[in-house]
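Notes follow once the structure below has been shown.
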2 protein chains.
Amino acid sequence: MTSQVLFKTLADPTRRALFERLCREGDLTVAVLTEGAGVSQPAVSKHLGILKRAGLVHDRHEGRQTHYGAQPEALSPLIDWTREMTEFWQLRFDALEDLLKRMDQ
Amino acid sequence: MTSQVLFKTLADPTRRALFERLCREGDLTVAVLTEGAGVSQPAVSKHLGILKRAGLVHDRHEGRQTHYGAQPEALSPLIDWTREMTEFWQLRFDALEDLLKRMDQ
DNA sequence: CGTATTCATAACTACTCGGTTATGTAAAAT
DNA sequence: ATTTTACATAACCGAGTAGTTATGAATACG
């Protein structure tokens, strides 16, 4: 998934809290996720749908309940992006440092 | 800055593109950033204001023009958060693996 | 000086989006 | 078979937000 989608998906606090809980506590049902989410069950379901489309969670149906679980590997584009940005910046910084050093001699 | 603010700030494509350009190309004026941004100059100024409040960029006034530059260090809460999430997940994974191994013997 | 340039701010608009209630669907329970 | 339970979907609404044009403020220029 593109990092753009990940940013938009994780920008919402409720959604991010759901993902965090799944990372900390493992697979949970919608009912369990709803209590403590601070919003209604339909709201939770919608958020879980968005998280799923972003690849951040997976679902498993068991009887009439659905278990959701985190897929933190999906965060890798985000990690790559931040690394890339800091690297670009560092590159220019090194180049500048080099230039100053050469000017100094 | 809290990672919540960073996610919300970087969720907008135009804003993220501005930050990326500043990381790649170094300090740039508002006029230069505006051409190629695909939106009007006031829009660019507003986005830069939001990026600044998030600590992602800094500005420097030089005569009548303002130079903006990236501060990728501000991304660290984001990096920490992703690390934390994957760690939580890994911890539970390791515990499970352990349990299975003990059950196997 | 007066004018032009560069950026920021104000005021407004259109749309997105997160929330709600209501309802549908499928599986368990009685 | 009927009812309850668990979740998803639909329809709708209010608030936030990204965009616009218009204008203000400050600095360079002729």
Side-chain angles (χ1 to χ4, degrees), chain A residues 1-22 25-71 78, chain B residues 1-22 25-71 78:
Chain A
M1 196 59 52
T2 144
S3 63
Q4 181 61 51
V5 173
L6 293 178
F7 274 119
K8 288 212 76 170
T9 302
L10 295 169
D12 180 74
T14 315
R15 203 152 49 217
R16 218 161 63 91
L18 286 171
F19 178 70
E20 289 190 10
R21 260 193 91 186
L22 290 173
E25 307 178 21
D27 295 15
L28 297 174
T29 67
V30 175
V32 172
L33 284 168
T34 297
E35 56 166 333
V39 294
S40 65
Q41 172 266 313
V44 171
S45 279
K46 208 193 306 192
H47 282 307
L48 289 171
I50 295 174
L51 285 166
K52 185 183 170 188
R53 277 196 350 233
L56 288 164
V57 302
H58 60 87
D59 59 347
R60 162 178 48 97
H61 296 277
E62 204 167 278
R64 61 183 165 184
Q65 51 192 3
T66 313
H67 295 258
Y68 281 89
Q71 278 182 327
L78 234 161
Chain B
M1 198 59 53
T2 148
S3 63
Q4 182 60 52
V5 173
L6 292 180
F7 274 119
K8 288 213 73 168
T9 302
L10 294 169
D12 181 74
T14 315
R15 205 150 49 217
R16 218 162 61 91
L18 286 171
F19 178 69
E20 289 190 9
R21 262 193 89 186
L22 290 173
E25 307 179 21
D27 294 15
L28 297 173
T29 67
V30 175
V32 171
L33 285 169
T34 297
E35 57 166 333
V39 294
S40 65
Q41 172 265 314
V44 171
S45 277
K46 208 191 310 191
H47 282 306
L48 289 171
I50 296 173
L51 285 167
K52 185 181 170 189
R53 274 193 355 227
L56 287 165
V57 302
H58 59 89
D59 60 345
R60 161 178 48 98
H61 297 276
E62 204 168 278
R64 61 183 165 182
Q65 51 192 2
T66 312
H67 295 258
Y68 280 89
Q71 277 181 326
L78 236 161

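Every chain is numbered from 1 and lettered A, B, ... according to where its sequence line falls, protein lines coming before strand lines. For the numbers below, each heavy atom of this structure counts, side chains included, while hydrogens, waters and symmetry mates do not. Owing to the predicted nature of the structure, the values given are computational and were not obtained by experimental measurement.
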query = If only atom types and distance count, is the side chain of R15(B) paired as donor or acceptor with the main-chain N or O of L48(B) below 3.5 Å?
reply = no
task = Output all residues satisfying side-chain contact (heavy atoms from CB on, under 4.5 Å) with D27(A), sequence neighbours left out; order by chain, then residue number.
result = H58(A), R60(A)
request  = Not counting sequence neighbours, which residues clear salt bridge (Lys or Arg N to Asp or Glu O under 4.0 Å) with E35(B)? List them please.
outcome  = none
task = Could you list all the salt bridge (Lys or Arg N to Asp or Glu O under 4.0 Å) pairs where at least one residue sits in residues 44-57 of chain B, not counting sequence neighbours?
result = K52(B)-D59(B)
key: Residue-phosphate contact under 4.0 Å: H47(A) side-chain N/O, dC17(C) OP1/OP2   = no
task = Sequence neighbours left out, what passes side chain to side chain donor-acceptor pair (under 3.5 Å) with T34(A)? Give chain and number order.
result = none
When you compare the protein's N or O atoms with those of nucleotides 24-27 of chain C, which come within less than 3.5 Å of each other, and at what distance?
none

request  = State which residue, out of L28(A), L51(A), L22(A), V32(A), fulfils the side chain to side chain contact (heavy atoms under 4.5 Å, CB included) condition with Y68(A).
outcome  = L22(A)
note = Heavy atoms of A54(A) and L6(A) approach each other most closely as O-CD2, 3.9 Å
task = Could you tell me which residues satisfy side-chain contact (heavy atoms from CB on, under 4.5 Å) with Q65(A), sequence neighbours excluded, listed by chain and number?
result = T29(A), H67(A)
query = Between Y68(B) and dA8(C), does any side-chain N or O lie under 4.0 Å from OP1 or OP2?
reply = yes
inquiry  = By nearest heavy atom, map S45(B) and I50(A) onto DNA chain C; which one lands nearer the 5' end?
reply    = S45(B)
ask   = How many angstroms lie between atom OG1 of T9(A) and atom CZ of F7(B), to the nearest 0.5 angstrom?
value = 10.0 Å
remark   = With sequence neighbours left out, the residues meeting side chain to side chain donor-acceptor pair (under 3.5 Å) with S45(B) are Q41(B)
ask   = Would you call L56(A) and I50(A) a side-chain contact if the rule is heavy atoms closer than 4.5 Å?
value = no
note = Heavy-atom nearest nucleotide on DNA chain C taken for E62(A) and for K46(B); more 5' hit belongs to K46(B)
key: Set of residues satisfying side-chain contact (heavy atoms from CB on, under 4.5 Å) with respect to K8(B), sequence neighbours excluded   = A11(A), Q4(B)
task = Heavy atoms of chain A, cut-off under 4.0 Å: which first and last nucleotide of DNA chain D, 5' to 3', fall inside that, if you could look?
result = dT4(D) to dT9(D)
task = Go through residues 1-19 of chain B and report each residue with a non-hydrogen atom lying under 4.0 Å from DNA chain D, sorted by number.
result = K8(B), D12(B), T14(B), R15(B)
key: Whole-Å gap separating P (dT9(C)) and CG (L48(B))   = 11 Å
query = So, is S40(A) near the phosphate of dT20(C), with a side-chain N or O under 4.0 Å from OP1 or OP2?
reply = yes
task = Using the test side chain to side chain donor-acceptor pair (under 3.5 Å), find all partners of R21(B) that sit at least two apart in sequence or belong to another chain.
result = E25(B)
Residues touching DNA chain D, which here means a heavy atom under 4.0 Å, drawn from residues 30-38 of chain A = V30(A), A31(A)
